[in-house]
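Everything on this sheet refers to the single structure shown next.
Here is the naming used below: chain letters follow the sequence lines, and residue numbers restart at 1 for every chain.
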Amino acid sequence: MKQNSKLEFLHNEYIQSLKRESRWVRFYQLIIFVVFFAGWEIFSRNQWIDPLIFSAPSKIWNLLIDKIADGSLFLDLGYTVSETVLGFILGTLLGTILAAILWWSPFLSKVLDPYLVVLNSMPKVALGPILIVALGPSMTSIVAMGAIISVIITTIVVYTSFREVDPNYLKVLQTFGATRFQSFREAILPACFPTIISTLKVNVGLSWVGVIVGEFLVSKRGLGYMIIYGFQVFNFTLVLLSLLVIAVFATIMYQLVELLEKKLIKNSSQ
Amino acid sequence: MGFLKIDEIHHTYFTKTSATTALSNISLEVEEGEFVSFLGPSGCGKTTLLSIIAGLLKPTEGKVTLEDQLLEKLDNQIGYMLQQDYLFPWKTIEENIQLGLKLNNQLTTEKMSYTYKLLEQMGLSGVEKQYPSQLSGGMRQRVALVRTLATEPKLLMLDEPFSALDYQTKLRLEDLVSDTLKSFGKTAILVTHDIGEAIAMSDRIFLFSPRPGQIYKIIHVPDELRALPPFQARNHELYSEIFQTIWKEVESVETEQ
Ligand SMILES: Nc1ncnc2c1ncn2[C@@H]1O[C@H](COP(=O)(O)OP(=O)(O)OP(=O)(O)O)[C@@H](O)[C@H]1O
Ligand SMILES: [Mg+2]
């Protein structure tokens, strides 16, 4: 009895100490945030840094309000976000389909192996100009950039996990006379579902890179375009605003995908 | 006339660096309704032979026939339960046991209720919606057996189904399996390391010798033991006599190496 209440007391103590620690962590995170932006503002106002290049939080804020008011920010943001989402879904889907084709034909996978290695090591953004010429300076080529950047690495990762599925599961299916397609559907794909989901998380980051570079090149609209336009007219407030918006939305998207991953993997491993 | 005929099977595994002859000159026949055991030390090719009979592996030489038909393609005539249960962890027990039916488009209400009945016979009613990870090893083994029986195969092959279980569970499952198979009149091949299990469960025992795998001896289990369920057979006076005989044979297999 006495033992129990003592344990409870210690446990409470422990929980309290955890809570205290996490409060301090939050506190310092906030301090860094405030110090960074306040410092930036003060340095810029006093001309300790060049306000033309580094702008100031207050200027960025005012621009943000303006751009929200005239609705142009949401337009650009909408384009970029939808291109990114399309890009990473396409990249993951295509990569998985390619992996399935390689699994289907071991001979083909042996033949293609060196090409995959070359394609994987090549910086995909270098393909940008070719894509734009081939697909036209449109949303299509930007989405293609967002997809192409993740498709090869997805193929390699997913194909590797396909091959690592315990062959005895396939044996079980074969004893029931399963076709190769049935084996894929019943064993390979569900066994690799967690891997596929976790490539989503990697791909969302990659797709942002592809889409921003694509918008640099196409130069029509979107957050990437805002950066390149601001750069050309020497409006660095605009550049910095786009950067901050990208930072916020890339984080949100990453968190959403992570949430989705946790949900799906929990369901599938249940 | 044999129900299952295995004719002059040789099998060699080839890898880049080696050629391992796993089976050499295996010929045997199994009658309909008979229960036979393959007994032999590890690595003597028992699993290889089952894979060949099941059509999963093409032998380097020889042929297998079931009811005088070549087993080029299996259409659920043979049920093969692997050395481990290999239940699919992402499928429920229900989905696992109906897998064979689903793959062959036979998911009729009648066949489905048959699988539930089997599950009940194995003492596993009420686990249909659970996942394999929620069951114990012995329960999983029984589910795997239900999965194998669900397609109503003519020949059943069990690869060391009880080796990973504790002794009591093993004895209980031996009785259950033997009883279930008898009631269906199934022909069965059991692979085991356990001399006692082979005697208690089977009508005939094929003793294998290793490197390369060959049939060393065929032992007929006397009718008195065959009539009894495995647990009672283990207590019969003839049991220890045969145990001694086989024990000596097994030792001579080993000293010969
Ligand atoms: N895929 C393979 N490639 C090469 N050699 C193999 C392969 N599978 C089995 N062998 C070899 O064939 C021989 C027989 O193996 P098998 O698995 O049939 O033995 P087993 O009698 O079932 O043994 P255990 O009782 O341990 O299960 C062994 O020497 C093994 O090394
Ligand atoms: Mg084996």
ask   = In terms of heavy-atom pairs under 4.5 Å, which option from Glu186(A), Lys171(A), Arg185(A), Gln182(A) contacts chain B the most?
value =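 The answer is Glu186(A).
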key: Under the side-chain hydrogen bond (donor to acceptor under 3.5 Å, both in side chains) test, residues paired with Arg26(A) that sit two or more places apart   =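 Arg26(A) satisfies side-chain hydrogen bond (donor to acceptor under 3.5 Å, both in side chains) with Gln29(A) only.
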query = Above 12 or not: heavy atoms from other molecules or residues under 6.0 Å from NZ of Lys63(B)?
reply =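 No.
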inquiry  = Within the supplied structure, the quantity of interest is the number of heavy atoms (other residues, nucleotides, ligands) at a distance under 6.0 Å from Arg163(A) CZ; does it exceed 12?
reply    =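 Open: at most 12 neighbouring heavy atoms sit under 6.0 Å from CZ of Arg163(A).
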Nearest 0.5 angstrom please: [X] [atom1] to [Y] [atom2], how far?
X	Y	atom1	atom2	value
Arg147(B)	Phe176(A)	CZ	CZ	5.5 Å
Gln84(B)	Asp166(A)	CD	CG	8.0 Å
Ile78(B)	Thr175(A)	CD1	OG1	10.0 Å

key: Part of Leu87(B) within contact of chain A (heavy atom distance under 4.5 Å)   =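 Contact with chain A: backbone only.
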message = Under 4.5 Å from any heavy atom of chain A, what part of Thr92(B) do you find: side chain, backbone, both or neither?
response =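 It is neither, since no heavy atom gets under 4.5 Å.
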inquiry  = The criterion is ring pair (Phe, Tyr, Trp, His ring centres under 6.0 Å); which residues satisfy it with Tyr13(B), sequence neighbours excluded?
reply    =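 Checked Tyr13(B) against ring pair (Phe, Tyr, Trp, His ring centres under 6.0 Å); matches are His11(B).
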query = How close do Leu82(B) and Asn168(A) get, heavy atom to heavy atom, and via which atoms?
reply =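 Heavy atoms of Leu82(B) and Asn168(A) come nearest at CD1-O, 3.6 Å.
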task = Indicate the atoms forming the closest heavy-atom contact of Ala187(A) with Phe88(B), along with that distance.
result =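 Shortest heavy-atom separation between Ala187(A) and Phe88(B) comes out as CB-CE2, 3.8 Å.
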ask   = Is Pro194(A) close to Trp90(B) at the side-chain level, that is, under 4.5 Å between some pair of heavy atoms?
value =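 Trp90(B) vs Pro194(A): side chains apart.
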